Protein chains: 2
Amino acid sequence: MQLLFPLVTSDVALFTLIDQRLRVLLVQRAEEPAMGKWALPGGILRPDVDENLEETAKRALSSKACVSVRQLEQVATFSGASRDPRGWSISTLYYALLPSDQVPALAGIRTEAVRWEDPENHKQPLAFDHAQLLDNALRQLRDKVAGGALPLQLMPNKFTLTDLQRACEAIAGHPYDKGAFRRQIKDHPALLAIDGEFLRGAQRPAQVYRTAMDFRF
Amino acid sequence: MQLLFPLVTSDVALFTLIDQRLRVLLVQRAEEPAMGKWALPGGILRPDVDENLEETAKRALSSKACVSVRQLEQVATFSGASRDPRGWSISTLYYALLPSDQVPALAGIRTEAVRWEDPENHKQPLAFDHAQLLDNALRQLRDKVAGGALPLQLMPNKFTLTDLQRACEAIAGHPYDKGAFRRQIKDHPALLAIDGEFLRGAQRPAQVYRTAMDFRF
DNA sequence: GCAATAGTGTCTATTAGACAATATGGG
DNA sequence: CCCATATTGTCTAATAGACACTATTGC
C-alpha cells in the first residue's frame, strides 16, 4: 500500500573550490534510511515554514551543514516510488556555488559529518539516487560555464583574472587558453577592475577585480 | 492553517505546428478553482497509479485532451503557498511536441474545451501562474532549437528539408538562411533521406526525409 | 640579468550569414 | 520558355584556438 501523499524533499549540490579543484559537499546521514551513508545535503519540505522548495533547500543547507547561500539554481526534479525506501518521493535538486573562504564545513545538527569531495570520483556509492543527482548538477554547471557564464559566486571578494580562469578550468575539467579567455570576458558587465589595486608576488603584479553585483557585504 | 502535505501536480506545454505557426494546447478548466479559465493541461499526482511525475503528465494529457505523446522534456518545478488557492502546491512542468497530423483536439472527460493558441500572444490571462510556466517552456524549447537541436517530434512521418526549416523558424520566431540551415543539419544522424521518394509540386521535386529513430509506425 | 607570471598581439582554420548560381520539375 | 522551388556553391566577416610577444615585478 502506497502513501496517499508523496515525500517531498529538496537536495542541493553545493560546489566550492579547494586548492583550485572543484569539490562538492557531502553529508553523512545520521538517521534511517541509509544511515551512515554519504549523500547530498537535503531536507523534507515543511509547508508551514518554507515559502517554496528553494527555501527548503536553503534550510537544509543551513541545518545540515551550517552553510547559507544567496543563490540556488534549479537543476531538475526526480520522482518515483523506488528512489527512497520510505515510499513515493519527490526531490527537487538545486546547485549552488560558495567561495572557498566561506567554507565552514561544520557538522550540522542531525548530521554525523560533512566532507568535500571530488564530484567526479566520489569514492563510496552515495545514498538513494544521489549519484545520478550529482551527475545532473555537475553537467548543468558545466554547460553553463561552457556557454560563457562566469562562476562569480565561486570567487572571493577580490580576485585576479587568472584566479577566475582557474575556477572555470576546474569546472570544465580542462585548461583554457589565456588569450581566448580574456577576450571572452573582456566586456563582461559584472566584472570590475579595482582601480589601482594589484596582487603582488614574485612577478608582474596582477590587476585585482571584484564583481559588480552586490553578492556580499 | 496550511496543509501538512502539498498539492503535487504536473503540467504540460504541448506544442504543435498549425499552418506553419507554433501553437500550444490550452484547456478550459471545468472545475474549481479557476473554473472557466484557460490553463495548461495538468493533473494531480496519484502515487498509486503513476510511476513518476512524467507519467502524471502523460496521464493528464491523455485524460484532459485525449492526446498521447512519447517523449516529455522536463522544464522546471514551481512551488509555493500562493500559486494555487487550494494551498501549498508543487507543479513540475514538462513540454512536448506533437506532429500536426496527430492533433485530435478532442475535449477530454473533465475539460470543457481545448484550444490551440499562439504561445506568445495568448489572449486571456491564464489560470494560476500558467503564463509564467508557458514562458519557461517556450524559452527552453527555443534555447534547444537555437542550440542546434532539431524538433523532429514535431514533423510528420515524411517531410522535406524545407518543412523542417519552417518548423525551426516557427519555434525561433525568425527566418533562417536556407544554405546555412542545410549545412548545419547535413550530417544529422537522425535524418534519413527516403531514397527515390520526392515531393512534387509546380517546381523542382524535393527529397523526402524521415527520422531515423522509431518515433512512430 | 633572470625567473615568473601578467597582459597583449598575431596568425589561421573554422564557421555563420548573406547571397548567388544552378537544377528540375509543371505549365 | 517561364515560374517556382530545391539544391549547391561562393564570398566574407567574425570567431576561437594556438601560440608568440611584450611588460613588470622580486630576487
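Letters go in sequence order (proteins before strands), and every chain restarts at 1. Quick caveat: nothing in here was measured; it's all calculated off a predicted structure.
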May I have the distance from [X] (atom [atom1]) to [N] (atom [atom2]), rounded to whole angstrom?
| X | N | atom1 | atom2 | value |
| --- | --- | --- | --- | --- |
| B:F181 | D:dA6 | CZ | P | 12 Å |
| B:D187 | D:dT8 | CG | P | 12 Å |
| B:R182 | D:dT10 | CZ | P | 17 Å |

For nucleotides 17-27 of chain D, 5' to 3', base contacts (B), sugar-phosphate-only contacts (S) and non-contacts (-) with protein non-hydrogen atoms under 4.0 Å give BBB---BBBS-
Does [X] pair with [Y] as a salt bridge, N-O distance under 4.0 Å?
| X | Y | result |
| --- | --- | --- |
| A:R59 | A:D50 | yes |
| A:E169 | A:K178 | no |
| A:E197 | A:K158 | yes |

Neighbour count above 12 (heavy atom, 6.0 Å) for A:E51 CD
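Result for CD/A:E51: open.
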Looking for any heavy atom pair under 4.0 Å, which part of the strands does A:Q184 touch: base, sugar-phosphate only, or nothing? nothing
Discussion item. What contact category does A:T162 fall into here, base, sugar-phosphate, or nothing, at under 4.0 angstrom with non-hydrogen atoms?
Written reply: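 Here A:T162 touches the backbone only, sparing every base.
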Residues B:S62 and B:S68: side-chain donor-acceptor under 3.5 angstrom = no
* So where does chain B start and stop touching DNA chain C, 5' to 3', when the test is distance under 4.0 Å to a non-hydrogen atom? ->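 First and last nucleotides in contact are C:dA16 to C:dG26.
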Side chains of [X] and [Y], heavy atoms from C-beta outward: is any pair under 4.5 Å?
| X | Y | value |
| --- | --- | --- |
| A:L98 | A:L154 | no |
| B:F159 | B:I194 | no |
| B:Q71 | B:Q153 | yes |

